[in-house]
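Quick notes on the structure that follows.
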There are 2 protein chains.
Amino acid sequence: MEYPSASMTQSEENYLKGIYHLSHAGRASVSTNAIAAHMETKPSSVTDMLKRLSDKDLVDYQPYKGVTLTSGGTAQALRVIRKHRLWEVFLVEKLDFSWDEVHEVAEQLEHIASEKLIDRLDALLDYPDFDPHGDPIPDKEGHFKTREKRLLSTLQPGEKGVCIGVKDSSSPFLRFLDKNGIALGTRIAVLEKEEFDDSMAIQMGEQQLQISHQIATNLYIKPIT
Amino acid sequence: MEYPSASMTQSEENYLKGIYHLSHAGRASVSTNAIAAHMETKPSSVTDMLKRLSDKDLVDYQPYKGVTLTSGGTAQALRVIRKHRLWEVFLVEKLDFSWDEVHEVAEQLEHIASEKLIDRLDALLDYPDFDPHGDPIPDKEGHFKTREKRLLSTLQPGEKGVCIGVKDSSSPFLRFLDKNGIALGTRIAVLEKEEFDDSMAIQMGEQQLQISHQIATNLYIKPIT
DNA sequence: ACATATTTTTAGATTTGTCTAAATTTATTT
DNA sequence: AAATAAATTTAGACAAATCTAAAAATATGT
Ligand SMILES: [Mn+2]
Ligand SMILES: [Mn+2]
Ligand SMILES: [Mn+2]
Ligand SMILES: [Mn+2]
């Protein structure tokens, strides 16, 4: 199967990426309103775009019934996601951006069209498998590594693990983590879980910290025994 | 004087850059047709754009009389040129692109909007003064280094110099130079000049080469004594 | 089942950037 | 000074991407 990479507009690329994320990897059907909310646009604009994407065979669109990505659409979405995440790694590793600053710039850089550029960037970064937020970077064929990961909130007192990703990668959350010394690779042990509000006490090295349920449901952990 | 950097579209940025180049640094008046030819678009499209740029006070436009950049327009053009040339250096220095491959990609990258990105890129590249084609890179204030440079065609037999830039930076010309071992920094001595067609014999290290007038008028040389 | 609420689409307008064809202005010849 | 040629602008159209307001389809509640 070939993706002739018929040039897409930035807007088309953004919609495909949005649909991909909303459908949990392009399989499940996504509603017009869900797309509109995610893209911060109006449902009528989404309908227009879905027609265009459908004409280009990038999505399967049945009016009133939602939309799914075609294999071509999925491939394109993955190409954009690959570029986005590689650029995020570049910004952190080579230009000393912090992980809460990279997303906005990567939103622009992900639309630069040059196969060679991305291949060389990949090499410069030593073929990273994950981006600064722990999200997997698809390879050229759209395949990526999966890892066992659980939300910190699912760990029981006594269990421990390593932080390997964030579910929410908004700046405020990431800056909160920075402030409290939590980064990818940080070892966390659960000390106690509060029945009342599901907050938990955790141990990180010497430091001890009380975190809300909100926090615990946005941190991915790889358990260690 | 402040440039509030009111966000511009890619097309507006491209026009400002085009006008800057055509007017030999923003001073001289430029015609609608000259812009159309340079941008590979139609004169009527240029007229439309000139009105828009004029409304934004980026150019002084008098119908039928040509156009010049305002100080704000010049500043914006220089910002785009700075980004373009820094990215070209990045592509050559960090991603091993050859100098004939960088322009097309830089045409896209020059529109990425992030002050911090460009500052950090500048630092990563160790604050280069010139791009891979020998063109000067403006600093944040739009100032750049000038160098004494002469076209190779103006040298007389017996004179020598170092290649410091190209006037034509098209791929075919640059690949011709590669093929013949001419790069920035190459020392060239003029041996003989043919009266008939202005071609010249030049010496580079051991190697001797016969080059046409066309070639000689597109190579910038810093004379050495 | 019917009324109401929600979701989605359609209709029509707007902005940006482009085009072709026609009109207008400016420049050049004779 | 006309006549002709060249450059430039205007008029009208179109595609992409968006919006608001109205209509239509679907879902929900009693
Ligand atoms: Mn991101
Ligand atoms: Mn990320
Ligand atoms: Mn260039
Ligand atoms: Mn250059």
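In what follows, chains are A, B, ... by sequence order, proteins preceding strands, each numbered from 1.
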_B:Trp99 and B:Val166, any side-chain heavy atoms less than 4.5 Å apart_ =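 Side chain of B:Val166 against side chain of B:Trp99, heavy atoms only: contact under 4.5 Å found.
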
*With rounding to the nearest 0.5 Å, note down the distance linking CD in A:Glu104 to NZ in B:Lys116.*
10.5 Å

*Rounded to the nearest 0.5 Å, how far apart are CD of B:Gln108 and CD of B:Glu110?*
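So the gap between those two atoms works out to 9.5 Å.
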
*Under 4.0 Å between any heavy atoms, over every strand shown, what does B:Pro63 touch: base, sugar-phosphate, or nothing? Just pick one.*
sugar-phosphate

*Which part of the nucleic acid, if any, lies within reach of B:Thr32 when heavy atoms closer than 4.0 Å are counted: base, sugar-phosphate only, or nothing?*
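Since only primed, P, OP1 and OP2 atoms lie under 4.0 Å of B:Thr32, the category is sugar-phosphate.
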
Mind calculating the distance between [atom1] ([X]) and [atom2] ([N]) to the nearest angstrom?
X: B:Met39; N: C:dT16; atom1: CE; atom2: P; answer: 17 Å
X: A:Gln10; N: C:dG17; atom1: CD; atom2: C1'; answer: 15 Å
X: B:Met8; N: C:dT15; atom1: CE; atom2: C1'; answer: 18 Å
X: B:Ile35; N: C:dT18; atom1: CD1; atom2: P; answer: 13 Å
X: A:Leu50; N: C:dT10; atom1: CG; atom2: C1'; answer: 14 Å
X: B:Leu53; N: C:dT16; atom1: CG; atom2: C1'; answer: 12 Å
X: A:Lys65; N: C:dT8; atom1: NZ; atom2: P; answer: 11 Å
X: A:Asp48; N: C:dT8; atom1: CG; atom2: P; answer: 15 Å

Between [N] and [X], is there an OP1 or OP2 to side-chain N/O distance shorter than 4.0 Å?
X: B:Thr9; N: C:dG17; answer: yes
X: B:Arg52; N: C:dG17; answer: yes
X: A:Thr47; N: C:dT9; answer: yes
X: B:Thr41; N: C:dT18; answer: no
X: A:Tyr64; N: C:dT6; answer: no

*Any cation-pi pair here, B:Arg85 with B:Phe144, using under 6.0 Å and within 45°?*
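Cation-pi check for B:Arg85 and B:Phe144: fails.
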
_Please check this pair: side chain of B:Ser171 against backbone of B:Asp100, looking for a donor-acceptor N/O pair closer than 3.5 Å._
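Yes, B:Ser171 side chain to B:Asp100 backbone: donor-acceptor pair under 3.5 Å.
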
*Please confirm whether the backbone N or O of A:Ala36 pairs with a side-chain atom of A:Thr41, one donor and one acceptor, at under 3.5 Å?*
no

*Taking only residues at least two apart or on different chains, which pairs with a member in residues 55-98 of chain B satisfy ring-ring contact (aromatic ring centres under 6.0 Å, His included)?*
A:Phe90-B:Phe90, B:His84-B:His103, B:Trp87-B:Phe90

*Nearest-nucleotide wise, let me know which of A:Ser44 and B:Lys51 is further upstream toward the 5' end of DNA chain D.*
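Final value for this comparison: B:Lys51.
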
_Among C:dT8, C:dT16, C:dT20, the nucleotide that comes nearest once only the side chain of A:Asn33 is considered_ =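 The listed nucleotide nearest to A:Asn33's side chain is C:dT8.
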
_Nucleotide range of DNA chain D lying under 4.0 Å from chain B heavy atoms_ =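 Listed 5' to 3', the contact boundaries are D:dA7 to D:dT10.
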
_Walk me through whether A:Ser199 and A:Asp197 qualify under side chain to side chain donor-acceptor pair (under 3.5 Å)._
CA-CA 5 Å; A:Ser199 69; A:Asp197 64 352; 2.9 Å; yes

*Any N or O donor-acceptor pair linking the side chain of B:Ser11 to the base of C:dT18 at under 3.5 Å?*
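A donor-acceptor contact between them is absent.
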
